[in-house]
Each structure stands twice: as C-alpha cells, then as structure tokens.
Amino acid sequence: MAGDLVRLSKFLSLVLRHEPQRIGLSLDPQGWVAVDELLAAAAQAGTPLTREELERVVVTNDKKRFAFSPDGSRIRASQGHSVEVELGLPPTVPPERLFHGTATRFVDSIRAEGLRAQSRQHVHLSPDEETAVKVGQRHGKPVVLAVRAAAMHGARHAFYLSDNGVWLTAAVPPGYLEFPG
Ligand code: HQG
C-alpha cells in the first residue's frame with residue numbers, strides 16, 4: 001500500500017475497530033457505519049477523504065481489513081475490534097491445526113493461562129505459519145504456537161472465519177497449544 005493509503009488504513013482501523021466516538025461516530029451492532037456519515041465525520045475531524053479514496057483503501061488494503069456492505073452504502077472492519085460488535089459470522093469447522101504468532105516475552109504467561117483475547121473481542125489465529133510469524137513480529141521477537149483447533153472444536157469451542165481469512169475464537173486453553181522446541 002502506498003504511504004497515504006497506509007495512513008488512511010490506520011485511521012480507519014482506529015475509528016472502525018477501536019474508537020468510533022473519537023470522531024463522533026457510532027457503529028451499529030454488527031460494526032457497520034454509513035459511508036456518508038464516515039466521510040462527513042472524517043472531514044470534520046481533519047482527515048478528509050473522498051468516496052473514491054475510501055474504495056481504494058478497501059480494495060488495495062494488504063490484509064483486506066475493511067469491507068463494504070453488498071449495496072455499498074455501509075462499511076465495517078472485517079475483524080480486530082476492541083469495541084463490542086457482533087460480526088454475524090457463522091460458526092465454522094476449523095482445520096486440524098491453526099497458528100498463533102506472538103512474541104517470546106509472552107510465552108511464559110501463555111503457557112500458564114492459554115491465549116486470551118486481551119483488548120480485542122477474540123483470539124486471532126492464522127491459517128499458516130508464515131502469516132503467524134508476521135503477526136508475532138508486530139510485538140517483538142516472533143514465536144509461532146500451533147493450536148489443536150480440531151480437538152478444540154470437538155470439545156465445543158466455537159470458531160469463526162472472518163471475511164479476510166483470520167480465524168477467531170474466544171480463548172485457547174493451554175492444553176490445546178503446542179510450543180516450539
Ligand atoms: C498476547 C493484526 C500474555 C498475544 C494481526 C498477542 C491479527 C498473551 C497479544 C490481529 C496471552 C495481543 C490481532 C496471555 C495472548 N499472556 N500474552 N495469556 N494471550 N497474548 O494485537 O493476535 O494488522 O491484540 O499472543 O494480523 O497479535 O491489525 O493480537 O501477542 O490478525 O489488521 O497478547 O491484528 O491485524 O495482541 O493480532 P493483539 P494479535 P491488523
């Protein structure tokens with residue numbers, strides 16, 4: 001993504017996942033906001049953007065973080081919220097294993113407590129190890145944990161697949177985690 005698109009993507013992540021009230025917006029229960037309202041509020045808050053620029057951010061975004069409603073009148077973040085939203089994703093059967101990228105400094109705590117959603121609504125899991133390494137690098141020296149997802153699902157833990165390919169679950173108890181080495 002080009003620099004100004006990255007800046008707009010970060011701005012949209014902030015307002016569509018974490019702090020809509022910061023620019024006077026509120027999300028509906030499923031996380032949607034009207035595009036017209038978003039553009040007006042963004043301009044008012046000093047980040048003017050056009051409908052075309054918004055479309056460019058959505059289409060070119062490296063992780064497909066945002067999606068328009070089918071009629072194009074609303075927009076939301078596909079996952080990653082800290083504000084409470086009900087994305088309406090159907091429970092989905094996960095593959096045998098999923099992966100979680102984290103930083104080495106969190107490992108002792110994760111061994112003891114398992115994975116917790118922390119400030120977000122869900123624990124985020126990746127379908128492959130390369131993606132998990134990138135997620136872990138955001139926090140420090142990366143380490144990839146494997147999650148025995150099929151076994152968890154067999155024990156009635158619900159899994160959801162976001163519109164942009166991130167697996168979501170409420171928490172992962174330590175017994176379902178495999179640590180490297
Ligand atoms: C860690 C990005 C100690 C967890 C990515 C992680 C993702 C614990 C951190 C999305 C713990 C939370 C989410 C425990 C979990 N003790 N540490 N018991 N349980 N942790 O950013 O998964 O670019 O909220 O390992 O691609 O890193 O924003 O979660 O390191 O999909 O679109 O607590 O964010 O996407 O960090 O990343 P985060 P995450 P975007």
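For ligands, and for the atoms within them, numbers begin at 1 and follow the listed sequence.
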Is it the case that the side chain of Asn164 and the backbone of Lys63 share a donor-acceptor pair, with hydrogens and angles ignored and the cut-off at 3.5 Å?
yes
Any atoms of ligand 1 less than 4.0 Å from a non-hydrogen atom of Glu113? List them with their elements.
14 (C), 16 (N), 18 (N)
Close-contact set for ligand 1 against Arg17 heavy atoms, below 4.0 Å:
28 (O), 32 (O), 40 (P)
Among all protein heavy atoms, pick out the one at the shortest distance from atom 6 (C) of ligand 1; state its residue, atom name and that distance to 0.1 Å.
His139 NE2, 3.8 Å
Are Val147 and Val123 packed together at the side-chain level, in the sense that at least one heavy-atom pair is separated by less than 4.5 angstrom?
no
Under a 4.0 angstrom heavy-atom cut-off, which atoms of ligand 1 come close to Arg120?
13 (C), 21 (O), 24 (O), 29 (O), 34 (O), 38 (P)
What do you reckon, is CD of Gln137 surrounded by more than 12 foreign heavy atoms closer than 6.0 Å?
yes
Assess Gly114 for proximity to ligand 1: is some non-hydrogen atom of it under 4.0 Å away?
yes
Can you tell me which residue and heavy atom of the protein come closest to atom 3 (C) of ligand 1, and the distance to 0.1 Å?
Ser109 OG, 3.2 Å
Nearest neighbour in protein (non-hydrogen) for atom 8 (C) of ligand 1
Gln118 NE2, 2.9 Å
Of Asp4, Val6, Leu5, the one forming a side chain to side chain contact (heavy atoms under 4.5 Å, CB included) with Val57 is Leu5
Please determine whether any non-hydrogen atom of His100 lies less than 4.0 Å from an atom of ligand 1.
yes
Tell me: protein heavy atom nearest atom 39 (P) of ligand 1, and distance?
Arg138 NH1, 3.8 Å
With a 6.0 Å cut-off (strictly less than), is the heavy-atom count around CZ of Arg51, excluding the residue itself, greater than 12?
yes
Taking it one step at a time, do Asp62 and Arg65 satisfy salt bridge (Lys or Arg N to Asp or Glu O under 4.0 Å)?
CA-CA 8 Å; Asp62 55 351; Arg65 292 180 178 89; 2.7 Å; yes
What are the atoms of ligand 1, with element, lying closer than 4.0 Å to any heavy atom of Lys63?
2 (C), 5 (C), 23 (O), 26 (O), 35 (O), 40 (P)
When only distance counts, is Arg116 in polar contact with ligand 1, meaning an N/O pair under 3.5 Å?
yes
Distance to 0.1 Å, residue and atom name: give those for the protein heavy atom nearest to atom 10 (C) of ligand 1.
His124 ND1, 3.3 Å
Between the main-chain N or O of Gly136 and the side-chain N or O of Thr102, is there a donor-acceptor pair closer than 3.5 Å?
no
My understanding is that only residues two or more places apart in sequence, or in another chain, count here; which of them pass ring pair (Phe, Tyr, Trp, His ring centres under 6.0 Å) with His124?
none
